[in-house]
Amino acid sequence: MKLRSLPYFLAIAVYAQPPAVAPLRGFSPDQWKIEHDREEQAKAIPQAERLHIYMDRMAAKPHHAGSPGSKAVADYLAAQLTDWGLETRVETFQALIPYPTTRTLEMTAPVRFRAKLAEPPIPDDPSTAQENQLQPFNAYGASGDVTAPLVYVNYGQPEDFEYLKKLGVDIKGKIAIVRYGRSWRGLKAKLAQENGAVGCLIYSDPREDGFFQSDVYPQGPMRPADGVQRGSVMDMALYPGDPLSPGWASEAGSKRLTREEAKTLLKIPVLPISWADALPLLQQLTGPLVPESWRGALPVTYHSGPGPATVHLQVDFDWSTRPLYDVIATIPGSFAKDHADKDQWVIYGNHHDAWVNGASDPVSGASVLLETARTLSVLRKQGWQPRRTIMLAFWDGEEYGLLGSTEWVEKHTDELDRKAAVYINSDSSGRGPFIAGGSASLEPFIAEVLRDVTDPATSKSLLDAVRDRRTPVVAIAGGTPEPREREFHVESLGSGSDYVAFLDHAGIASLNLGFASGDGVYHSVYDTLAWYQQFSDGDRTYSKTLTQVMSIALLRLADAQVLPFDFGSLSASVTRWIEEIRKQLPRASAKVDLRPISVQLMRLSAAAKTYDEELSAWSKRGVPASEKLAKVDESIRKTERTLLSTDGLPRRDWYRNQIYAPGMLTGYAAKTLPGVREAVEAQQWDEANQQVRKLAETLRVAAAEVEGSSRLLKQTQ
Ligand SMILES: [Zn+2]
């Protein structure tokens, strides 16, 4: 089986007069050519030179959240969008945004050493020598001053701490040193804290993103000896966004928690360091030799400690509340006019804040969003108006913990519930393979979009390029790759960029699209225009292609007569995931009864099949837009929302989606069917059975909604 929507294509193919153009889900055949023609027009608009200029402007200076640089980028974006005739507003929020004031790391025994904690400028890259750079630090680690023996804990994953326990190496009262890679950094620090460490250092081992991989900047793309990866260590598995306003928007004068009450703030000091600063510390560790899988690429024999290396770590912050500027441009849809209260929103967002200059992260993606905005504005001047309202959003404060997007979703929750159809996200985009993450119900839709755009690397369609790729790739924003098959599947979304609040909190079907980008300068002072020109998409070929993908996706989603969702893909995906969970259960176990889910999955799959048949029958009839069709559309939009539960996931009620969540212990990587899966993984059988019943009920309601859509569609005859 290839695409889930194959039966639909086949039904189309038996037409008396087969149309000469490729079918478009959600459009009647008489609309296909018109839509394709408009898309061809759209594809010709994006320009490499403009993409280059946007980056030049946005990555010119450091622009971290809360800084004048960030405000300047927001102002530039708002002026540009307004200039193109788009209704643009800046929405301001307030969030806890700590800046480091003290950072000290020294070894006090057995030899003295003081860490540099600085990234030296590169002579040929003036951006690296600018003022107002935010020094390397981890946001939302605690202020603290500790001195203790050091212990090496590999990647700081749960199994690494387990292994040390078995070796008899106690972490209590020690300072943990872990390396970047494999898991989200926040979980490394959180697990160190839970295991009793009083401090945590996170270093970049050259094996992951330094000289072991390739030449280092400026000779090559990888991280130099003094390069440091900044980043948030907020406990985002509980909730993202402003730590002081979980579940509500943080605006001037709104209610706030105290820092002591905020559950996402760590209680131990954490500091990211370069390998040049880590090496002298690792050289002074003795104790057990660590296994080969724990060893990096440094010229040292890796030992676990504890000690004799003893380090003094002191960090302090200015814990101020600072402003966030979300820039939102709107293209109002005609749909709102025709169907009064039935306006629907299609939203595309990318963050604009960076850790330093952020040419790759986030400006490469933000430039594509800006060029997509211009593309749509050109079409609009030629007379096009979308049926649904399109919103283009540049988020602030993503790096600190998805602040701008989360506060925005929390502020507009009710309206989003009534109107939002789809959220599309992008972030860093380079010239690696194309990566499509998203909700299963959008799988056939995005496959059709990728079918119609050419991959710059292979000159095949992007769809074929994605399907042909057999080896796993590094996902954008640090996601963990899933095993790949010949057929096309979107990767499930975990965390790591601004789709989280839309998908996991508001229940809006989401996509995360882009070309994979190298991570050698990720979150460092070396992520500059000069680096991007030399080692990433210098000629903007891939950025142009991504602009085409985004423009076409928005045109289709905004103009389709019926939203192009496919719930057969959802039921097929859930079936796959349930099988994965079944395999994790102890053999011949009667502990967890998954049958209630299977029963409802059969119903959902049957309902989706019927809907597909009705959709293809409707398509043949070619009925134009009507009040009745608008009702079908509304029902389809609502189906995704049925996947939410009001009381959320166990122990983290901000996460309300029953199908997708970032893992409690993985961070970036998704846990599909999180309630059931995480209970099974923790061998909590009562909770697992409870979650099975809850998920079965969720699927029952979803199936009923799809059945309703079919009935409504039938009535359009
Ligand atoms: Zn980013």
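Please read all numbers here as calculations on a predicted model, not as lab measurements. Note that ligands are numbered from 1 as they come in the structure, with each ligand's atoms numbered from 1 the same way. FYI, side chains are in, hydrogens and waters are out, and symmetry mates aren't considered; it's all heavy atoms of this structure.
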Problem set entry | Residues, nucleotides or ligands: over 12 heavy atoms within 6.0 Å of Arg652 CZ | yes
Problem set entry | Pair His505 + Tyr239: ring centers closer than 6.0 Å | no
Problem set entry | Tyr180/Trp275 aromatic ring centres below 6.0 Å | no
Problem set entry | Asp427 near the Zn ion (ligand 1) via N/O/S, less than 2.8 Å | yes
For this session: Have a look at His351 and say which of its N, O or S atoms is nearest the Zn ion (ligand 1).
Result: NE2
Exercise. Side chains of Asp353 and Tyr400: is there a donor and an acceptor less than 3.5 Å apart?
Worked result: no
For this session: Please confirm if an N, O or S atom belonging to Asp361, backbone or side chain, lies less than 2.8 Å from the Zn ion (ligand 1).
Result: yes
